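To start, the structure itself, in structure tokens.
In each ligand, atom 1 is the first atom listed, and ligand 1 is the first ligand listed. Because the structure is a prediction, the values reported are computed rather than measured.
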Amino acid sequence: MVLQPDRPDWWRDAAIYQVYPRSFADGNGDGTGDLAGIRARLPYLAELGFDAVWFNPWYPSPLKDGGYDVADYRSIDPVFGTLEEAEKLIAEALDLGIRTVVDIVPNHVSSEHPWFRAALAAPVGSPERELFHFAEGRGENGELPPNNWKSEFGGCPWTRIADGQWYLHLFATEQPDLNWAHPLVRQEHEEILRFWFDRGAAGVRIDSAGLLTKEPGLPSFELGVDTHPFVDRDDLHDIYRSWRAIADSYEQPRVLIGEIWVPDTERFARYLRPDELHTAFNFDFLARPWAAAELRASIDGTLAAHAPVGAPATWVLCNHDVTRTVTRYGRADTRFQFSAKAFGTPTDRALGVRRARAAALLSLALPGSLYMYQGEELGLPEVEDLPLSTLQDPMHFRSGGTDPGRDGCRVPIPWSGDAAPYGFAPEGVEPWLPQPEDWAALTVAAQTGDPDSMLELYREALRIRRERIGGEFGWLPADPEVLSFRRADGFGCLVNLGAEPVALPGGAAPLLASGPLAEDGTLPADTAVWFEILDTRL
Ligand code: NOJ
């Protein structure tokens, strides 16, 4: 399969669309998105101008964590389709110029994975159990968990089984952690990488990439100790070096993209050294509120951290784990403007939309690659009033119901029509999560051709980005409430995060704005403009 050998560095500035398969398009009418639905919509993605698509997990899974509980890494869940269809999808996408990035989940498996079933069936101390972290409990009768760690989803990350041993799961109970000190675990995942690369995947997104290895003996977490027992451990780098060698062994090298939540930028950049991962998601940017000083600090910090290792930055406003952009930026309380989920936080939808439009132009103009989560191009809000009975996310349940969970950003995409299922599924079919009644104006059909729509803004911005934007980044002089920068090729971007209108720099010819400029040519609050720099002194 030919992956456009003319652009081996495509990942350095790619625009990548994130598809959550369950919620993208339902091709077979069962209320759940699937590969047939995606294949039918590939022209939409190609026409929007994306270079690649990252698919959230599509493997056989009991769906205890939206597919991040994988029962078989070499196959497709029947609810989505077949492996043959996935191969066709990868090939068809490539014919349209779109590369495929597959999600791999190495930290844990589903409790239905054959390895874990075998481990449960095998006795204490057996080789089957060594593939996971089984341990005796503390306390007189082993009735207390083996250590004091906390689950990433809240609560205790240990579950006790009938023979008295406990097993570790940093996420849900149904996601037992693999023991990465075991050679078979490494070997298995190297084979899984090859499996998908051989089928034409241009790259992989590595789930929970900073958590795989654990401190030997699994000691309790202690405050003030420098090394964490399971986050960002030094021995991870050895794993990613061997993965890079595999990715590089292909005639058209494949790409490794890490999901790494490590706040220390220097530690973060270590994963991006030239013989490790190619890129990693920039969660710092996504976690900032709508404030110029915050976003400027994030951009500066990101570029400074990436420069020494020669890796491109990534820009991410949203994904399947966080609150939709128009909702979080519309929240009056800036503490909730980052990704957090929150019940009942007052939100100004129109303000959120204005800011999300400006944020789209900001992120699309920055140097590096960009990830856009499905539905962001439509300006979908977080659905915050899903009936409790429809919620599925373990985060909601493990928080004892205090956290709304992540279902609100996973509601199926509205494609057309005036009522649910809005073309997501055939009429009369109920989608797996209910869609709001007021989404008729947000469908792809309703927005197509409307120059004021979010969809047309993204379409136009992606076109200009592809044709026009490149080169070194540099800040232009501006008020503290304003972000103003240029790219070496004479392209500029100005974002007004303050309350007052601001003037465009002299010699700036507007190319595209996220909202109307004032009659006197100034840029209103919460608006961004792209411009051509005609004055060479800028
Ligand atoms: C990160 C994924 O993005 C998230 O959806 C998942 O719940 C966890 N990793 C565990 O796999």
Side-chain angles (χ1 to χ4, degrees), residues 16-24 33 53-73 77 101-113 116 132-133 149-155 157 168-178 180 189 192 204-214 230-232 236 256-262 271 277 279-283 286-287 314 316-324 339-341 371-376 382 391-399 403-411 433:
I16 300 163
Y17 189 97
Q18 179 190 351
V19 165
Y20 194 74
R22 259 176 126 181
S23 301
F24 189 65
V53 179
W54 151 36
F55 294 104
N56 284 109
W58 50 17
Y59 314 105
S61 163
L63 292 178
K64 298 293 180 193
D65 178 22
Y68 283 96
D69 45 325
V70 180
D72 175 2
Y73 291 81
D77 196 299
V101 173
V102 172
D103 208 323
I104 57 158
V105 189
N107 180 66
H108 42 266
V109 298
S110 159
S111 48
E112 294 298 314
H113 188 283
F116 192 69
F132 297 89
H133 295 288
W149 297 2
K150 295 271 174 292
S151 158
E152 300 287 303
F153 282 167
L168 176 71
H169 50 85
L170 288 182
F171 293 91
T173 314
E174 299 86 353
Q175 291 168 295
D177 277 47
L178 287 165
W180 272 87
H189 282 272
I192 292 167
V204 288
R205 177 263 188 194
I206 307 160
D207 185 66
S208 306
L211 302 179
L212 274 45
T213 57
K214 277 74 185 180
F230 62 83
V231 179
D232 185 30
L236 278 170
L256 307 174
I257 303 155
E259 188 217 14
I260 300 173
W261 295 82
V262 171
Y271 292 88
L277 308 184
T279 62
F281 297 120
N282 180 3
F283 293 120
L286 167 156
T314 66
V316 187
L317 288 170
C318 190
N319 65 30
H320 63 293
D321 291 331
V322 304
T323 303
R324 287 273 189 194
S339 52
K341 303 286 176 180
Y371 288 82
M372 199 212 63
Y373 176 46
Q374 67 179 36
E376 288 288 288
E382 183 84 3
L391 297 186
Q392 311 222 353
D393 184 11
M395 271 187 122
H396 171 67
F397 300 106
R398 289 183 69 94
S399 72
D403 184 321
R406 299 164 295 176
D407 296 303
C409 64
R410 300 175 177 178
V411 172
L433 275 177

Quiz item: Do Y59 and D103 get their side chains close enough for a donor-acceptor pair, meaning under 3.5 Å?
Solution: no
Self-check item: Any donor-acceptor pair under 3.5 Å from H108 side chain to L178 backbone
Solution: no
Quiz item: Charged N to carboxylate O under 4.0 angstrom, R398 versus D393?
Solution: no
Quiz item: Is K64 touching ligand 1 with its side chain, its backbone, both, or neither, if touching means heavy atoms under 4.0 Å apart?
Solution: neither
Quiz item: Does G66 come within less than 4.0 Å of ligand 1, judged by its heavy atoms?
Solution: no
Quiz item: Where the closest heavy atom to atom 8 (C) of ligand 1 is concerned, which of Y20, F281, F171 has it?
Solution: F171
Quiz item: What protein heavy atom sits nearest atom 6 (C) of ligand 1, and how far away is it?
Solution: D65 OD2, 3.4 Å
Quiz item: Taking only heavy atoms of F153, which atoms of ligand 1 are found under 4.0 Å from at least one of them?
Solution: 7 (O)
Self-check item: Contact partition for R205 relative to ligand 1, non-hydrogen atoms under 4.0 Å
Solution: side chain
Quiz item: For H108, is the nearest heavy atom under 4.0 Å from an atom of ligand 1?
Solution: yes
Exercise. For the pair F55 and W58, name the ring-plane relationship: parallel under 30°, tilted 30 to 60°, perpendicular over 60°.
Key: parallel
Practice problem: Determine whether Y68 and N56 make a side-chain contact, defined as any pair of heavy atoms from C-beta on separated by less than 4.5 Å. | Solution: yes
Quiz item: Should you measure from each heavy atom of R410, which atoms of ligand 1 turn up under 4.0 Å away?
Solution: 5 (O)
Quiz item: Do you know which of Q374, E376, H320 makes side-chain hydrogen bond (donor to acceptor under 3.5 Å, both in side chains) with Q18?
Solution: H320
Quiz item: Is E152 near ligand 1, meaning one of its heavy atoms is under 4.0 Å from it?
Solution: no
Exercise. May I ask you to list the atoms of ligand 1 that are less than 4.0 angstrom from any heavy atom of D207?
Key: 1 (C), 2 (C), 3 (O), 8 (C), 9 (N), 10 (C), 11 (O)
Exercise. Enumerate the atoms of ligand 1 whose separation from the nearest heavy atom of R406 is less than 4.0 angstrom.
Key: 4 (C), 5 (O), 6 (C), 7 (O)
Practice problem: Return the residue, atom name and 0.1 Å-rounded distance of the protein heavy atom closest to atom 5 (O) of ligand 1. | Solution: D321 OD1, 2.7 Å
Quiz item: With sequence neighbours left out, what residues match E152 under side chain to side chain contact (heavy atoms under 4.5 Å, CB included)?
Solution: L170, F171, L211, F230
Quiz item: Any side-chain heavy-atom pair from D69 and E112 closer than 4.5 angstrom?
Solution: no
Quiz item: When you measure from the side chain of E259 to the backbone N and O of S208, does any donor-acceptor pair fall under 3.5 Å?
Solution: yes
Quiz item: For ligand 1, which atoms, with element, lie under 4.0 Å from some heavy atom of E259?
Solution: 1 (C), 3 (O), 9 (N)
